[in-house]
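Written out below as structure tokens is the structure these notes cover.
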Amino acid sequence: MNLYNIIFYLFAAITLVSAFFVVTTRNVIYSAFNLLLTFFGVAGIYVLLGADFLAVVQIIVYVGGILILLLFGVMLTNKIVNVQIRTGATQILPATIAVGAFSGILISLLVNTEWKKVGTALPGASTTANLGMLMMNEYILIFELLGILLLVALIGAATIARK
Amino acid sequence: MLNVGLNHFLVISAVLFSFGIFGIVTRKNAVMVLMGVELMLNSANINFVAFAKFGAFGNQGQLIALFVVVLAAAEAAIALAIVLNIYKTFNSINVDEIDSLKE
């Protein structure tokens, strides 16, 4: 049991436990803050997979952008009289059965498949330079398209919300 | 078995995906449904990065994961604008009560 494994299980536990509370707690604010922990756990898993740049992007974009946006959504769509913003749940029993069966099938499929593994060594160098080269050479079209998509999303969101 | 390999990351992503589906199916609040979608996108990203490390794809898996993050940001912005409009129209964002496209 080396340090890598211990850190992996720590981040896995953080991610899965907080994700469980995201989808089960009745208080919307609590589940938003549990989502914060989930995003941090996923960023840690990215670091363990050697994706340092992606981990930082995960924290900046998800925690700094998307989560704040979601909290705004929660605040603006409730008549706030106290901190308890509650939400109901529906179809819990059938959903539990279906999702349990689905995840069981998925996990047994993933575990029993013989994946062709090629490289297992930890990459020593930072991935940022490599990602930048890829983005500006082979994936330049997707990069430009994503720029246009973000512009369209910005204008579209502003137009829809102003109506 | 205890040594961390590809399967561990795949199992985590599968469980995260299942939690996302559970959230989408059971929650009534539209913002909570969005949170479920974010969980599912995160689990897909974990798969991309895991296969980028254990397969022979270089850093391309990480790049695709970056693109997914951008798409998630755009999706969250648009969806929240729609949710705000729904709240203005119906005075509620419970997805089980909203069953008509306009008032």
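Naming convention: chains lettered A, B, ... in sequence-line order (proteins, then strands); numbering from 1 in each chain.
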Going hydrophobic residue to hydrophobic residue with side-chain gaps under 4.5 angstrom, can you get from B/Phe54 over to A/Val111? yes
Rounded to the nearest 0.5 Å, the CG atom of B/Asn47 sits from the CG atom of A/Leu110 at a distance of 7.0 Å
In this structure, OG1 of A/Thr77 is separated from CD1 of B/Ile86 (nearest 0.5 Å) by 10.5 Å
| task | State, yes or no, whether a side-chain contact exists between B/Phe19 and A/Val22 at a heavy-atom distance under 4.5 Å. | result | no
So, the part of B/Leu39 with a heavy atom under 4.5 Å from chain A: the answer is side chain
Turns out that what part of A/Thr159 lies under 4.5 Å from chain B's heavy atoms comes down to neither
Q.
Taking the side chain as everything from C-beta on, heavy atoms only, tell me whether B/Leu63 gets closer than 4.5 Å to A/Glu138.
A. no
Rounded to the nearest 0.5 angstrom, the OH-CZ distance for A/Tyr46 and B/Phe48 is 10.0 Å
Most heavy-atom pairs under 4.5 Å with chain A, out of B/Asn94, B/Asn7, B/Val11, belong to B/Asn7
Are there more than 12 heavy atoms of other residues, nucleotides or ligands under 6.0 Å from atom CZ of B/Phe67? yes
message: Count I, L, V, M, F, W, Y as connected when their side-chain heavy atoms are under 4.5 Å apart, and connections chain through other members. Are A/Ile160 and A/Val152 then in the same cluster?
response: no
Could you tell me if the side chain of B/Leu71 sits less than 4.5 Å from the side chain of A/Leu146, heavy atoms only? yes
Answer key: most heavy-atom pairs under 4.5 Å with chain A among B/Ile46, B/Leu34, B/Ile82 is B/Ile46
Scanning both residues in full, the closest heavy-atom pair of B/Ala74 with A/Leu149 reads CB-CD2, 4.1 Å
Applying a strict 4.5 Å limit to non-hydrogen atoms, the region of B/Ala72 in contact with chain A is both
Flag the pair B/Val25 / A/Val99 as yes when at least one side-chain heavy-atom distance between them is below 4.5 Å, and no otherwise. no
Exercise. Apply side-chain contact (heavy atoms from CB on, under 4.5 Å) to the pair A/Leu16 and B/Leu16, showing each step before the final yes or no.
Key: CA-CA 7 Å; A/Leu16 294 185; B/Leu16 210 56; 4.1 Å; yes
Whatever's closer than 4.5 Å to a heavy atom in chain B on A/Thr25 counts as backbone
Tabulate below the donor-acceptor pairs under 3.5 Å that side-chain atoms of residues 47-71 of chain A make, not counting sequence neighbours, or state none.
| unit_1 | atom_1 | unit_2 | atom_2 | d |
| --- | --- | --- | --- | --- |
| A/Asp52 | OD1 | A/Thr127 | OG1 | 2.7 |
| A/Asp52 | OD2 | A/Ser126 | OG | 3.3 |
| A/Gln58 | NE2 | A/Phe39 | O | 3.4 |
| A/Gln58 | NE2 | B/Asn42 | OD1 | 3.0 |

Answer key: most heavy-atom pairs under 4.5 Å with chain B among A/Thr38, A/Ile142, A/Thr113 is A/Ile142
For A/Leu131 and B/Asn59 the tightest heavy-atom approach is CD2-O, 3.6 Å
Between A/Met135 and B/Leu66, the two heavy atoms sitting closest are CE-CD1, 3.9 Å
Side-chain donor-acceptor pair under 3.5 Å between B/Gln60 and A/Tyr139, yes or no? yes
In this structure, CG of A/Leu76 is separated from OH of B/Tyr87 (nearest 0.5 Å) by 9.0 Å
message: Taking the side chain as everything from C-beta on, heavy atoms only, tell me whether A/Val23 gets closer than 4.5 Å to B/Arg27.
response: no
If one checks every heavy atom of B/Ile93 against chain A at 4.5 Å, the contacting part turns out to be side chain
Note to self: With side-chain contact (heavy atoms from CB on, under 4.5 Å) as the criterion, how do B/Gln62 and A/Asn130 come out once you've worked through the C-alpha distance, each side chain's angles and the decisive distance to 0.1 Å?
What the structure shows: CA-CA 10 Å; B/Gln62 294 183 21; A/Asn130 200 339; over 6 Å; no
Exercise. Inspect the surroundings of CZ in A/Phe72 and state if more than 12 heavy atoms from other residues, nucleotides or ligands are less than 6.0 Å away.
Key: no
If one checks every heavy atom of A/Thr96 against chain B at 4.5 Å, the contacting part turns out to be both
**Request:** Please state whether the rings of B/His8 and A/Tyr9 are parallel, tilted or perpendicular, taking 30° and 60° as the class boundaries.
**Result:** perpendicular
Of A/Ile107, A/Leu106, A/Leu134, A/Leu154, the largest count of non-hydrogen pairs under 4.5 angstrom with chain B goes to A/Leu134
When the 4.5 angstrom heavy-atom criterion is applied to A/Ser31 and chain B, the contacting part is both
Is there side-chain contact between A/Val42 and B/Asn45, with heavy atoms separated by less than 4.5 Å? no
Most contact-rich option vs chain A, by heavy-atom pairs under 4.5 angstrom, among B/Val83, B/Ile24, B/Val70, is B/Val70
When the 4.5 angstrom heavy-atom criterion is applied to B/Leu80 and chain A, the contacting part is side chain
Highest number of heavy-atom pairs under 4.5 Å with chain B among A/Ala95, A/Pro94, A/Gly100, A/Gly73 belongs to A/Ala95
Turns out that what part of B/Asp96 lies under 4.5 Å from chain A's heavy atoms comes down to neither
| Are B/Val49 and A/Tyr4 grouped together when hydrophobic residues (ILVMFWY) are joined by side-chain heavy atoms under 4.5 angstrom apart? | yes
Value for CD1 (A/Ile45) from CD1 (B/Ile12), rounded to nearest 0.5 Å, stands at 4.0 Å
Scanning both residues in full, the closest heavy-atom pair of B/Ile78 with A/Ala157 reads CD1-N, 3.7 Å
Applying a strict 4.5 Å limit to non-hydrogen atoms, the region of A/Phe8 in contact with chain B is side chain
Applying a strict 4.5 Å limit to non-hydrogen atoms, the region of A/Ala158 in contact with chain B is neither
Cluster question for you: counting only ILVMFWY and a side-chain heavy-atom cut-off of under 4.5 Å, with indirect links fine, are B/Phe22 and A/Ile97 together?
-> no
In terms of hydrophobic clusters joined by side-chain contacts under 4.5 Å, are A/Leu3 and A/Phe11 together? yes
